[in-house]
Amino acid sequence: ALSQAGHSANMQSTMHTKAPATQRRMQTSGAGKFAGKPCRPVSGSRASVLQAAAAPFSGQSVSVGVSAGARKASSRQVNVRTMAIKDGETMTRPLRVAVIGGGPSGACAADTLAKGGVEAFLIERKMDNCKPCGGAIPICMVEEFDLPMEIIDRKVTKMKMISPSNHVVDVGKTLSDREWIGMCRREVMDDFLRKRAASSGAKVINGLMMKMDYAGGDAPITIHYNSYEDGAKVGVPKSMEVDLVIGADGANSRVAKDMGAGDYDFAIAFQERIRIPEDKMEYYKDLAEMYVGDDVSPDFYGWVFPKYDHVAVGTGTVVNKTAIKQYQQGTRDRAQVKTAGGTIIRVEAHPIPEHPRPRRIKDRVALVGDAAGYVTKCSGEGIYFAAKSGRMAAEAIVEYSQGGKKMVGAPALNTYLDQFDRKYWATYKVLDILQKVFYRSNPAREAFVELCDDEYVQKMTFDSYLYKTVVPGNPIDDIKLLIRTVGTLVRANALRIGKGPAVTFGAEAKVISA
């Protein structure tokens, strides 16, 4: 529809027609099983638009010629817009989807859409983003997402769990010779996934979404963003019109805000990349460490994960965000002996969602990855679930649109939501319970580390992590484990936790520019 200002101006060779006005009311909670209420969308149509006879829609805003006086009369850009299309209608051009955010969830969504015949636009502001992330991925992700070994820095086959009293348990004894945990740098992995999406046909845009205009129902969605193409330092305002939007823009999602997805609690993750001497790097070449205790986090764990030529040392917390640097110092102190002489080459911090948002679907807008809140408690894992949710949302769109030929809406997006919840709801629930039981106090953490020494526990844990399924246990072994769990909790509460060595890594480390 021509804007009011443009309509009143001197138009050159323009015309407009009014589309049939119809009404539709669509109601969908978009919350799925996490809210306890499965979505039951009702389809229909609602739109009343004007269509200009101008150049075919290209996904970018198309300016119509106006006089200089008209431009002064209105600061708004005059755009050509498409007519609203009902769900299920066959289109004369491909379905258009904007994916906001170019991390694993957004890149995998855009890649799947482009391969499936959908016109996909992937908008990402920071093409070299280094998210404070442990970077661990399960072995099943490598094959499932066809990841090259070149993006995997290390194959971790050994892990150590260190209790508040510095009791060390070796984890990973049940891993076979073919099983390992991949360690990646997010800037390397994300760049590969974006480039693969581009090679599949997705249009990758270096830009920052500012807002989203959407009347709901069958109406098209307008994305307003600042473009930073060609290395521009100052964003150039632009807009595009699309049929659907996938919000993959992280914990601070603007898509979620615009669609009214609701608030959720979040953790602050803090991580330092430390280049350590070669002899100490040799120690970490295939080893990861996890520290638990009130000194490293009141509700999470501290980690030392190996990367290509350095280690990532970090921690996170939900309940005491203002003390995050204190907990980071505690993590460095606990690992000081093995990282002494290191140099901090990068410092990173970022919010991490703690549970799924109250609403993840609204009409033709869906959330995936961190924007949807897909980070597990207890382990803090999010990369696999981000990539998987992005792909599942895209697959549902491709299937319902018959390869981008038909218009789709809430029914397709709710299919993604229902499938994701059915597949992974149990995983999130189990890890939520584990965190509440074992991360509530130092005695409970001692019990947790003690349990990790059990080979049955290790097998169940790694099978579930590496292959992303909740593995059913042996009933007899499960009963034995329950008895042992109760016993360790009782004994742990009687322990007098001693203080660890008071060492300060920060005094020895020298911060340099990355």
Side-chain angles (χ1 to χ4, degrees), residues 59 94-129 131 133 135 137-138 140-152 182 184-207 209 223 225 229 240 242-250 253 255 364-372 374 382-405 408 412-413 415-417 419-420 423 468:
L95 184 73
R96 300 183 182 104
V97 179
V99 182
I100 313 301
S105 58
C108 288
D111 181 50
T112 303
L113 290 169
K115 287 178 178 177
V118 175
E119 189 174 7
F121 300 89
L122 179 61
I123 302 177
E124 169 60 39
R125 172 64 185 100
K126 298 180 179 179
M127 295 298 184
D128 59 349
N129 185 38
K131 185 178 178 180
C133 171
I137 60 173
C140 69
M141 184 175 180
V142 177
E143 180 177 355
E144 183 177 350
F145 289 86
D146 194 22
L147 301 179
M149 297 306 299
E150 288 77 13
I151 72 169
I152 298 175
C184 302
R185 285 167 290 166
R186 283 292 301 273
E187 64 270 28
V188 175
M189 180 181 185
D190 293 5
D191 181 64
F192 166 78
L193 292 174
R194 283 193 296 267
K195 287 179 177 177
R196 183 165 69 180
S199 67
S200 297
K203 298 173 179 62
V204 181
I205 300 171
N206 187 355
M209 178 188 137
I223 300 295
Y225 66 98
E229 299 292 344
M240 67 167 63
V242 294
D243 303 308
L244 291 90
V245 171
I246 295 178
D249 47 341
S253 172
V255 175
R364 292 178 176 173
V365 183
L367 300 177
V368 296
D370 282 12
Y374 294 148
I383 296 178
Y384 175 84
F385 297 110
K388 187 67 173 179
S389 62
R391 174 177 284 186
M392 290 177 74
E395 287 174 342
I397 292 171
V398 170
E399 179 183 357
Y400 272 69
S401 69
Q402 297 182 13
K405 298 180 180 66
V408 298
L413 300 181
T415 295
Y416 134 69
L417 194 66
Q419 289 176 344
F420 187 90
K423 191 173 183 65
K468 286 295 161 281

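Worth saying up front: this structure is predicted, and the values here are computed from it rather than measured.
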- Look at the side chain of S401 and the backbone N and O of I397, then say whether any donor-acceptor pair between them is shorter than 3.5 Å. yes

- Message: Can you confirm whether F121 sits close enough to V99 that some side-chain heavy atom of one is under 4.5 Å from a side-chain heavy atom of the other?
- Response: no

- Item | Expected output: side-chain D243 to main-chain L95 donor-acceptor under 3.5 Å | no

- Task: Locate the shortest heavy-atom distance separating F385 from F420; write the atom from each residue and the value.
- Result: O-CE1, 4.0 Å

- Test item: S389 side-chain N/O and G369 main-chain N/O as donor-acceptor pair under 3.5 Å: yes

- Is there side-chain contact between I246 and L367, with heavy atoms separated by less than 4.5 Å? no

- Message: Contact between D370 and S105 at the side-chain level, heavy atoms closer than 4.5 Å - yes or no?
- Response: no

- Looking at side-chain heavy atoms only, is the closest gap between I223 and I123 below 4.5 Å? yes

- Using 4.0 Å as the upper bound for N to carboxylate O, is an ion pair formed by E119 and K203? yes

- Message: Quick check with a 6.0 Å cut-off and a 45 degree axis cone: is R391 positioned over the face of F145's six-membered ring?
- Response: yes

- So, the side chain of R194 versus the backbone of M127: is there a donor-acceptor pair under 3.5 Å, distance only? yes

- Query: From C133 SG over to M189 CE, what is the distance, rounded to the nearest 0.5 angstrom?
  - Reply: 9.0 Å

- Item | Closest heavy-atom pair and its distance - G182, I152 | CA-CG2, 4.0 Å

- Message: For the CD atom of E150 and the SG atom of C184, what is their distance to the nearest 0.5 Å?
- Response: 11.5 Å

- Message: So M240 and I205, do their side chains get closer than 4.5 Å, heavy atoms only?
- Response: yes

- Query: Do side-chain atoms of D249 reach the backbone of V255 as a donor and acceptor pair under 3.5 angstrom?
  - Reply: yes

- Item | Exercise: identify the closest heavy-atom pair between A114 and S200 | CB-O, 3.5 Å

- Checking side-chain contact (heavy atoms from CB on, under 4.5 Å) for the pair Y416/V368: CA distance, chi angles, key distance, verdict? CA-CA 10 Å; Y416 134 69; V368 296; 3.5 Å; yes

- Trace of the side-chain contact (heavy atoms from CB on, under 4.5 Å) decision for M209 with R125: CA-CA 8 Å; M209 178 188 137; R125 172 64 185 100; over 6 Å; no

- Closest non-hydrogen atoms of D191 and E187, given as atom of the first, atom of the second and distance, are CB-O, 3.2 Å

- Item | Pi-cation contact, Y384 with K468 (under 6.0 Å, within 45°) | yes

- Message: So L193 and L147, do their side chains get closer than 4.5 Å, heavy atoms only?
- Response: yes

- Message: Looking at E229 and N206, would you say the former's side chain and the latter's main chain have a donor-acceptor pair under 3.5 Å?
- Response: yes

- Within a strict 4.5 Å, meaning less than it, do heavy atoms of the R196 and D146 side chains meet? yes

- For the residue pair G247 and A371, what are the closest heavy atoms and their distance? O-CB, 3.5 Å

- Minimal non-hydrogen separation, D190 against G103, with atom names: OD2-CA, 3.9 Å

- Query: Considering only heavy atoms from C-beta outward, does the side chain of L244 approach that of R96 to under 4.5 Å?
  - Reply: no

- Task: Report the C-alpha separation of T415 and E399 in whole Å, then their side-chain angles, then the decisive distance to 0.1 Å, and conclude whether the side-chain contact (heavy atoms from CB on, under 4.5 Å) test is met.
- Result: CA-CA 10 Å; T415 295; E399 179 183 357; 5.6 Å; no

